[in-house]
Amino acid sequence: MGPLSFPLASRPHTPTDFPMLWSQTFIPTLKETPADAEIVSHQLLLRAGLVRKLTGGLYTFLPLGLKVLRKIEQIIREEMNRAGGIEVLMPALQPIDIWQQSGRYETASGVLFKVRDSARKEWVLGPTHEEVITSLAANELNSYRQLPKNFYQIQTKFRDEIRPRFGLMRAKEFLMKDAYSFDASDAGAMTSYHKMYDAYTRIFARCGLQAFPVEADTGVIGGNYSHEFMVPAETGENDVVYRESGKYAANIEKAVSRGPTEATPSESTGATPEKFATPGVVTIEALAAAPYGVSARHQVKTLVFVADSKPILVLIRGDDSLNEAKLMAKTGAVQVRQATADEIVELLGARPGSLGAVNATLKTPAVPVYADEALRGARGMTTGANEDGFHLRHVEVDRDLKVTAWYDLRTVKVGELCVETAQPLKIRRAIEVGHVFKLGTKYSEKLNATFLAEDGSRHPAVMGCYGIGVTRTLQAVIEQCNDKDGIRWPVSVAPFTVCITPLTVAPESQPMTLARELAATLEAAGIEVILDDRDERPGVKFKDSELVGFPLRVNLGEKSLAKGEIELKPRGGTLRMVPIADAAAEVIAWVRAESARLQG
RNA sequence: CGGGACGUAGCUCAGCCCGGUAGAGCACUUGGUUUGGGGCCAAGACGUCGCAGGUUCAAAUCCUGUCGUCCCGACCA
């Protein structure tokens, strides 16, 4: 210790701070499953004493939950830094003017938490930070020489979720890593995008998560450069369309196929549209049933939407369902909602169930009609007559309807064929843990984030944004790594790697003495240890350590110690006896091997 | 915002239909016993039955309202 060494108010842990004693921290495990937790990861979050609910969508992180969160954060930091990210921290409280400038004060109003200060001035709690970072860039990034830059932060986000659910999965307040790249060119933006894509792949692998990139909806911004990182799980809120063998995978909002498995009728009868009575028939199913027997495939479903305040008609084959994300993306509409019954009657003169777009039956021929590609060339179709209780048959779409534009608007179904390979597609549920998105110049233009190029010309920076739900990732790990006994943490994110469990805890007893020595040795080797010093029966300690999910438990009991042995019990693995003298080395070797498996 | 379910001890729940002294298990406290997979025995503490109003001699129980929670849907940068 040199003359400049002095005790710091806050110093790193020293061996005297260790080991962490179970009795000295706070791990309130629950034997029974809390009634308001539906999915296994939410139940285990509560049962293992990681979090407690304050109220719907708001959670307190207890010591163990916080430790896991910090470990995930650290993995994210390391990989973001490795990929050239620069860490910053932006305010959660934001002025509304930048939101008005970007246009999202209106379009995002559904999720914006708004607050007022004592002067009654309005502010928003940030659900995301494009506006803030772009304001910074507008002031600070003025030359192509400063580009590219990729700023990131790990920070609390606020979203006024209509229905928070599943614990941390969808919360009103949650921890997010968000990053924003600024490039001088489109090509540069693509490079930044791919760097983040690769970083995300490594991050989730290091967290022990099986997460897969899938093509994602790009909404009004368009383009093909958006991927979501998905963790397969039945409890997820997303549907992913994928090909068993091969690379294609897409969010169902974006997914495409070669079309319906059964062809659209195209044989002409030569007949012209004929009105027939269908009293009380207001569903596809009813028209398909006796006595009408018009199969769903032979029907044209007519939907009325209000897109950016203007009514539109959307046509889908009767057995298909509309994909609203596609509708918004293809029409460029920012806000789309289904028309109300009153609006529909006003527009078409009939109530839902008898609607159609046959030109001759439209009161207002000027209303735009968007039709799904599957209806191209359709003949012999049946659709509503725009008169309650009547339908039209012998409808030929090309002849009888005026379609403003044809788009792919239908939702892909299981078994349809991959566009590229013609192999059948499958669908499964998944949890979205990350999203990479090439933004282009939408925000840099609106918030004036421009730079001077080498030739003196001024351009908006080309942006990308990249998010990881940190708290959601934590829960996704639990959702993927558990069994009937509890959580099975990957070593990389486990709150403690090793749980040392002396079966008698008298201070001078052999199990406790050896436990302390082993803990010190392991800590010196950089392994995080918790020592279960509680005076509980072995069964209680075993159950608790398995519920919480420490990767390796080391049992020190008088019986095996008498035989010169210590027991190693990997979580979910088999018990192994090792000589006392070899125990530390065996544990270190085990932890190194496990850690190596998770290095991305 | 629509549909459904539920609010009783720290937790899981019974009691409610058919109104009449507030219950069980787990957890907690004390004592004893036990000690390699959530022990056993005994004693104890813990409740304005979510809240407000109404009906009634009498309300956890019936009625109305309200707040909260969970699920399905709508919504979701």
Side-chain angles (χ1 to χ4, degrees), chain A residues 28-39 42-43 46-47 49 52-58 94 99 102-113 124-132 157-167 169-172 174 176 178 180 216-221 226 228 235 237-238 251 253 324-325 328 334-338 340 432 435 437 439 442-443 465-467 469 485-486 501-506 509 511 532 534-548 553 555-563 565-567 569 575 577:
Chain A
T29 56
L30 302 174
K31 247 192 238 188
E32 286 169 300
T33 304
D36 58 4
E38 181 80 3
I39 68 176
H42 186 195
Q43 293 168 355
L46 296 165
R47 288 191 59 207
R52 284 293 183 264
K53 183 172 77 172
L54 174 63
T55 184
L58 298 174
Q94 303 176 11
W99 284 83
S102 74
R104 289 209 291 186
Y105 185 75
E106 278 76 32
T107 59
S109 67
V111 295
L112 279 183
F113 268 112
V124 305
L125 291 173
T128 178
H129 280 69
E130 281 83 4
E131 282 78 3
V132 177
K157 297 286 187 277
F158 298 87
R159 294 188 190 181
D160 189 6
E161 294 289 349
I162 299 168
R163 180 149 89 92
R165 56 181 140 182
F166 301 150
M169 286 296 187
R170 184 168 291 275
K172 288 177 187 278
F174 60 97
M176 184 183 202
D178 47 324
Y180 306 91
D217 174 40
T218 48
V220 290
I221 295 168
S226 176
E228 290 161 339
T235 54
E237 298 187 76
N238 300 88
N251 191 309
E253 294 182 341
E324 279 193 42
M328 293 176 75
V334 176
Q335 283 180 316
V336 168
R337 64 170 174 85
Q338 290 205 348
T340 64
E432 179 193 346
H435 194 170
F437 200 135
L439 284 173
K442 176 182 171 181
Y443 294 99
C465 67
Y466 318 93
D485 296 316
T501 308
L503 300 188
T504 45
V505 295
S509 67
D532 190 352
R534 294 175 301 164
D535 187 11
E536 291 284 355
R537 297 164 59 83
V540 173
K541 298 168 109 173
F542 293 160
K543 288 284 187 191
D544 264 352
S545 76
E546 281 155 17
L547 175 59
V548 175
R553 190 176 65 227
N555 301 337
L556 298 102
E558 279 164 338
K559 285 181 190 168
S560 20
L561 289 179
K563 291 188 279 185
E565 289 174 329
I566 283 176
E567 298 164 11
K569 175 70 172 67
L575 190 74
M577 317 289 282

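Below, read A as the first sequence line, B as the second, and so on, with proteins coming before strands; counting in each chain starts at 1. All values derive from a computational prediction rather than experimental measurement.
- Pairing of B/rA42, defined by two Watson-Crick or G-U wobble distances under 3.5 Å, is identified with B/rU30.
- Separation of the P atoms belonging to B/rG15 and B/rC62 is 12 Å when rounded to the nearest angstrom.
- Annotation: side chain of A/Val132 is not in contact with side chain of A/Tyr180 (no heavy-atom distance under 4.5 Å).
- Within the nucleic acid shown, A/Pro34 comes within 4.0 Å of sugar-phosphate atoms alone, with no base atom in reach, counting heavy atoms only.
- Across every strand in view, B/rC18 sits unpaired, with no contact that passes the Watson-Crick or G-U test at under 3.5 angstrom.
- Out of B/rC13, B/rC75, B/rU69, the shortest distance to the side chain of A/Thr55 is found at B/rU69.
- Under the Watson-Crick and G-U wobble criteria, each requiring two contacts below 3.5 Å, nucleotide B/rC1 is paired to B/rG73.
- Rounded to an integer number of Å, the gap from CZ of A/Arg170 to P of B/rC76 is 11 Å.
- The same atom, C1', is picked in B/rU12 and in B/rG4; the two are 23 Å apart, to the nearest Å.
- With a cut-off of 3.5 Å on both Watson-Crick or G-U wobble distances, the partner of B/rU48 is given as none.
- A salt bridge links A/Glu546 with A/Arg553: the closest approach of a Lys/Arg side-chain nitrogen to an acidic carboxylate oxygen falls below 4.0 angstrom.
- Under the Watson-Crick or G-U wobble criterion, with both distances below 3.5 Å, B/rG25 is paired with B/rC11.
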> Under the side-chain contact (heavy atoms from CB on, under 4.5 Å) criterion, do A/Asn251 and A/Asp217 qualify, and how do the steps go?
Replying inline: CA-CA 7 Å; A/Asn251 191 309; A/Asp217 174 40; 5.9 Å; no

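- The distance between atom CZ of A/Phe113 and atom P of B/rC76, rounded to the nearest whole Å, is 16 Å.
- Residue A/Arg337 is out of contact with every strand shown, counting any heavy-atom pair closer than 4.0 Å.
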>> I'd like to know whether A/Asp544 forms a side-chain contact (heavy atoms from CB on, under 4.5 Å) with A/Glu536, so could you lay out the CA-CA distance, the side-chain angles of the two residues, the decisive distance to 0.1 Å, and finally the verdict.
In response: CA-CA 11 Å; A/Asp544 264 352; A/Glu536 291 284 355; over 6 Å; no

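- Between A/Glu130 and A/Lys442, none of the side-chain N atoms (NZ, or NE/NH1/NH2) sits under 4.0 Å from a carboxylate O, so this pair counts as no salt bridge.
- Rounded to whole Å, the C1' atom of B/rG44 lies 47 Å from the corresponding atom of B/rG3.
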>> I'd like to know whether A/Val505 forms a side-chain contact (heavy atoms from CB on, under 4.5 Å) with A/Lys541, so could you lay out the CA-CA distance, the side-chain angles of the two residues, the decisive distance to 0.1 Å, and finally the verdict.
In response: CA-CA 12 Å; A/Val505 295; A/Lys541 298 168 109 173; 3.5 Å; yes

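- B/rA45 sits 11 Å from B/rA9 when the C1' atoms are compared, rounded to a whole Å.
- The distance from atom CD of A/Glu38 to atom P of B/rC72 is 7 Å, rounded to the nearest whole Å.
- Nucleotide B/rC75 holds its P atom 18 Å from the NZ atom of A/Lys172, rounded to whole Å.
- Listed by chain and residue number, A/Leu58, A/Phe113, A/Asp160, A/Pro164 satisfy the side-chain contact (heavy atoms from CB on, under 4.5 Å) test with A/Lys172 (two or more places apart in sequence, or in another chain).
- As rounded to whole Å, 10 Å separates atom P of B/rU69 from atom CG of A/Leu54.
- Put simply, the side chain of A/Ile566 does not reach to within 4.5 Å of the side chain of A/Asn555, judged on heavy atoms.
- Across the C1' atoms, B/rA27 and B/rU21 are found 27 Å apart, a figure rounded to whole Å.
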>> I need a per-nucleotide contact map over nucleotides 36-41 of chain B, read 5' to 3'. Cutoff is protein heavy atoms under 4.0 Å; write B for the base, S for backbone only, - otherwise.
In response: BBBB--

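- The same atom, C1', is picked in B/rG20 and in B/rA58; the two are 7 Å apart, to the nearest Å.
- For A/Glu536 and B/rU34, the CD to C1' distance is 13 Å, given to the nearest whole Å.
- Residue A/Arg163 has a polar side-chain atom (N or O) positioned under 4.0 Å from OP1 or OP2 of B/rC71.
- Nucleotides B/rC72 and B/rU30, compared at atom C1', are 49 Å apart to the nearest Å.
- Between the C1' atoms of B/rC17 and B/rC63, the separation comes to 15 Å (whole Å).
- When the nucleotides B/rC71, B/rA74, B/rC11 are ranked by their closest atom to the side chain of A/Glu32, B/rC11 comes out on top.
- Nucleotide B/rC76 holds its P atom 13 Å from the CG atom of A/Asp160, rounded to whole Å.
- In terms of position on RNA chain B, the residue among A/Thr504 and A/Met176 whose nearest nucleotide sits closer to the 5' end is A/Thr504.
- Across every strand in view, B/rA58 sits unpaired, with no contact that passes the Watson-Crick or G-U test at under 3.5 angstrom.
- Side chains of A/Asp178 and A/Cys465 form no contact here, defined as non-hydrogen atoms less than 4.5 Å apart.
- Within 4.0 Å (heavy atoms only), A/Tyr105 reaches no atom of the nucleic acid at all.
- The 5' end of RNA chain B is approached more closely, in terms of each residue's nearest nucleotide, by A/Thr33 than by the other of A/Thr33 and A/Val111.
- Base pairing of B/rC6 is made with B/rG68, judged by Watson-Crick or G-U wobble geometry with both donor-acceptor distances under 3.5 Å.
- Remark: P of B/rU29 and CG of A/Asp535 are 12 Å apart, rounded to the nearest angstrom.
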> side-chain contact (heavy atoms from CB on, under 4.5 Å) between A/Arg52 and A/Leu46: does it pass, once the steps are laid out?
Replying inline: CA-CA 6 Å; A/Arg52 284 293 183 264; A/Leu46 296 165; 4.3 Å; yes

